[in-house]
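Both backbone and side-chain heavy atoms feed into the values below; hydrogens, waters and symmetry mates do not.
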Amino acid sequence: MSKYFIEKTIKINAPVSKVWRVFTDPSLTTHMGGEYVSDWKVGSSFGWKGADGKLVTNGTVMKIMAGKLLQHNLLNSVGSINSVITYEFSEEDHVTTLHAREDFAKPVTDKEYADALEGWDAALLTVKETAEKRP
C-alpha cells in the first residue's frame, strides 16, 4: 500500500528556545553528526552536511517562524521536490513538543515508508538527546 506522509511527535525536556537552537546553531547541530547549512530565510537554500563535509540533502526554506515553525522542501538530484518537511514547536512547563511531518511528492512503497519512518525515529531521538544533554 502506498503512503503519502509521515507524522511524528516527541516530547523534549528542554525549553523550545533550546530545541530551536538544535536546528539552527552549528555548535549544537554538530553533536548530531553534521550541521544544517542555511541562512534561515524564506527562499534560501537548506541542506544537511554530514561530518565528512559532504552535503547529504538539499532544498529550500519555505516558512520559518523562530521557535514555532520550520518548513522546507527536499530536492532530488535533478532538482524536483521529493518531499516537504514541517516542524512545529510548542512548549508547556519547559517541555517542548516537536511535531514533525513529511509530505511526499509522490506515494512511497511500504519499504520506502518503513525506511523513512526508521530515519525519523532516529533523527527525532537525536534532537531530543542533543537538546536535553548539551548546554
Side-chain angles (χ1 to χ4, degrees):
M1 183 177 195
S2 296
K3 311 285 188 202
Y4 294 89
F5 66 90
I6 290 175
E7 275 188 294
K8 302 292 286 184
T9 300
I10 191 167
K11 299 273 189 192
I12 302 171
N13 294 311
V16 74
S17 60
K18 176 86 174 282
V19 178
W20 182 257
R21 284 183 46 232
V22 171
F23 286 83
T24 60
D25 181 345
S27 71
L28 287 176
T29 59
T30 56
H31 295 286
M32 297 192 309
E35 68 179 286
Y36 289 107
V37 180
S38 183
D39 68 3
W40 305 106
K41 296 177 184 168
V42 172
S44 294
S45 62
F46 171 91
W48 175 260
K49 184 169 54 172
D52 61 2
K54 293 183 181 178
L55 199 60
V56 178
T57 64
N58 68 57
T60 304
V61 175
M62 299 170 66
K63 295 180 184 176
I64 191 164
M65 293 172 55
K68 297 187 184 302
L69 174 77
L70 171 60
Q71 183 178 67
H72 65 85
N73 60 31
L74 289 178
L75 306 176
N76 62 24
S77 60
V78 294
S80 297
I81 295 174
N82 273 349
S83 63
V84 173
I85 295 178
T86 305
Y87 297 99
E88 294 177 287
F89 304 75
S90 62
E91 180 182 341
E92 186 174 326
D93 297 325
H94 303 289
V95 175
T96 298
T97 300
L98 177 58
H99 180 79
R101 180 177 170 115
E102 181 172 12
D103 290 284
F104 302 111
K106 60 181 176 120
V108 296
T109 66
D110 287 342
K111 169 79 169 99
E112 292 168 324
Y113 183 83
D115 290 346
L117 198 58
E118 186 177 308
W120 271 107
D121 288 341
L124 292 177
L125 183 58
T126 301
V127 169
K128 176 181 174 67
E129 290 171 348
T130 302
E132 290 178 353
K133 295 178 181 174
R134 299 290 172 181

Engineer: For residues Leu75 and Leu70: do they belong to one hydrophobic cluster (side chain heavy atoms under 4.5 Å, members Ile, Leu, Val, Met, Phe, Trp, Tyr)?
Structural biologist: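 Shared cluster, no.
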
Engineer: So do Lys11 and Asn13 actually touch side chain to side chain, heavy atoms under 4.5 Å?
Structural biologist: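 In short, these two side chains do not touch, never coming nearer than 4.5 Å.
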
Engineer: Just wondering, do Met32 and Trp48 contact through their side chains at under 4.5 Å, heavy atoms?
Structural biologist: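 In contact.
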
Engineer: Where do Thr29 and Pro26 come nearest, in terms of heavy atoms and distance?
Structural biologist: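 Taking every non-hydrogen atom into account, OG1-CA, 3.2 Å.
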
Engineer: Are Val84 and Leu69 connected into the same hydrophobic cluster when the rule is that any two of I, L, V, M, F, W, Y join if their side-chain heavy atoms are below 4.5 Å apart?
Structural biologist: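 No; tracing contacts between hydrophobic side chains, which count when under 4.5 Å, never links both residues.
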
Engineer: Cluster question for you: counting only ILVMFWY and a side-chain heavy-atom cut-off of under 4.5 Å, with indirect links fine, are Trp120 and Leu98 together?
Structural biologist: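 Yes; Leu98 is reachable from Trp120 via cluster members.
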
Engineer: Is there a continuous path of hydrophobic side-chain contacts, each under 4.5 Å between heavy atoms, that joins Leu117 to Leu124?
Structural biologist: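 Yes, one cluster joins them.
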
Engineer: Any side-chain heavy atom of Ile10 within less than 4.5 Å of one from Val127?
Structural biologist: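 Ile10 does not reach Val127 side chain to side chain.
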
Engineer: In terms of ring plane angle, is the pair Phe89 and Tyr87 parallel, tilted or perpendicular, where the classes change at 30° and 60°?
Structural biologist: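 Tilted: the ring planes of Phe89 and Tyr87 meet at 30° to 60°.
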
Engineer: Minimum heavy-atom separation for Ser44 to Asp39, with atom names?
Structural biologist: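 Here Ser44 and Asp39 meet closest at OG-OD1, 2.5 Å.
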
Engineer: A side-chain contact here means heavy atoms from C-beta on lying under 4.5 Å apart; do Lys68 and Val16 qualify?
Structural biologist: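 Counting from C-beta outward, Lys68 and Val16 never come under 4.5 Å.
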
Engineer: Show the nearest heavy-atom pair for residues His72 and Leu74, with the distance to one decimal.
Structural biologist: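 Here His72 and Leu74 meet closest at CE1-CD2, 3.8 Å.
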
Engineer: What heavy-atom pair brings Ala105 and Ile81 nearest, and what distance separates the two atoms?
Structural biologist: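 It is CB-O, 3.1 Å.
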
Engineer: Report yes if the side chains of Met62 and Asn73 come closer than 4.5 Å at any heavy-atom pair, otherwise no.
Structural biologist: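 The answer is yes, as the side chains (C-beta and beyond) meet within the 4.5 Å cut-off.
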
Engineer: Among pairs that include at least one residue of residues 93-102, which meet salt bridge (charged side-chain N to carboxylate O under 4.0 Å, His left out), considering only residues two or more places apart or in two chains?
Structural biologist: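 Qualifying pairs: Glu7-Arg101, Arg101-Asp103.
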
Engineer: Could you tell me the separation between the CD atom of Glu91 and the CD1 atom of Ile12, rounded to the nearest 0.5 Å?
Structural biologist: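 Glu91 atom CD to Ile12 atom CD1 measures 11.0 Å (nearest 0.5 Å).
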
Engineer: What residue pairs, at least two apart or across chains, pass salt bridge (charged side-chain N to carboxylate O under 4.0 Å, His left out) with a residue in residues 52-65?
Structural biologist: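 Checked against salt bridge (charged side-chain N to carboxylate O under 4.0 Å, His left out) - neighbours excluded - no pair reaches residues 52-65.
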
Engineer: Do you know which two heavy atoms are closest between Ala131 and Lys18, and how far apart they sit?
Structural biologist: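 Answer, listing the atom of Ala131 first, then Lys18: O-NZ, 2.8 Å.
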
Engineer: When rounded to the nearest 0.5 angstrom, what is the spacing between OG1 in Thr57 and CG in Asn82?
Structural biologist: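 Reported value, rounded in 0.5 Å steps: 10.5 Å.
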
Engineer: Filter on salt bridge (charged side-chain N to carboxylate O under 4.0 Å, His left out), then keep only pairs touching residues 126-135, sequence neighbours left out; what's left?
Structural biologist: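 For residues 126-135: Lys128-Glu132.
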
Engineer: Are the side chains of Ile6 and Tyr113 in touch, meaning some heavy atoms are under 4.5 Å apart?
Structural biologist: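 SC-SC contact between Ile6 and Tyr113 confirmed.
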
Engineer: Rounded to the nearest 0.5 Å, how far apart are OH of Tyr36 and CG of Asp25?
Structural biologist: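 Reported value, rounded in 0.5 Å steps: 13.0 Å.
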
Engineer: First locate atom OG1 of Thr24, then atom CD of Glu35, and finally report the distance between them rounded to the nearest 0.5 Å.
Structural biologist: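 The OG1 atom of Thr24 sits 12.0 Å away from the CD atom of Glu35.
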
Engineer: Given the rule in the side chain to side chain contact (heavy atoms under 4.5 Å, CB included) test, do Val61 and Lys41 qualify, once you have shown the distances and angles that lead to the verdict?
Structural biologist: CA-CA 7 Å; Val61 175; Lys41 296 177 184 168; over 6 Å; no

Engineer: Should we say atom CD1 of Ile64 is surrounded by more than 12 heavy atoms from elsewhere, each under 6.0 Å from it?
Structural biologist: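 Above 12, so yes.
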
Engineer: Among the clusters formed by ILVMFWY side chains lying less than 4.5 Å apart, do Phe23 and Val56 turn up in the same one?
Structural biologist: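 In one cluster: yes.
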
Engineer: Between Thr86 and His99, does a side chain to side chain contact (heavy atoms under 4.5 Å, CB included) hold up when you go through it step by step?
Structural biologist: CA-CA 8 Å; Thr86 305; His99 180 79; over 6 Å; no

Engineer: Go through the steps to decide whether Trp20 and Thr96 satisfy the test side chain to side chain contact (heavy atoms under 4.5 Å, CB included), and finish with yes or no.
Structural biologist: CA-CA 10 Å; Trp20 182 257; Thr96 298; over 6 Å; no

Engineer: Would you compute the distance between atom NZ of Lys49 and atom OG of Ser38 and round it to the nearest 0.5 angstrom?
Structural biologist: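 Separation between the atoms: 12.5 Å.
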
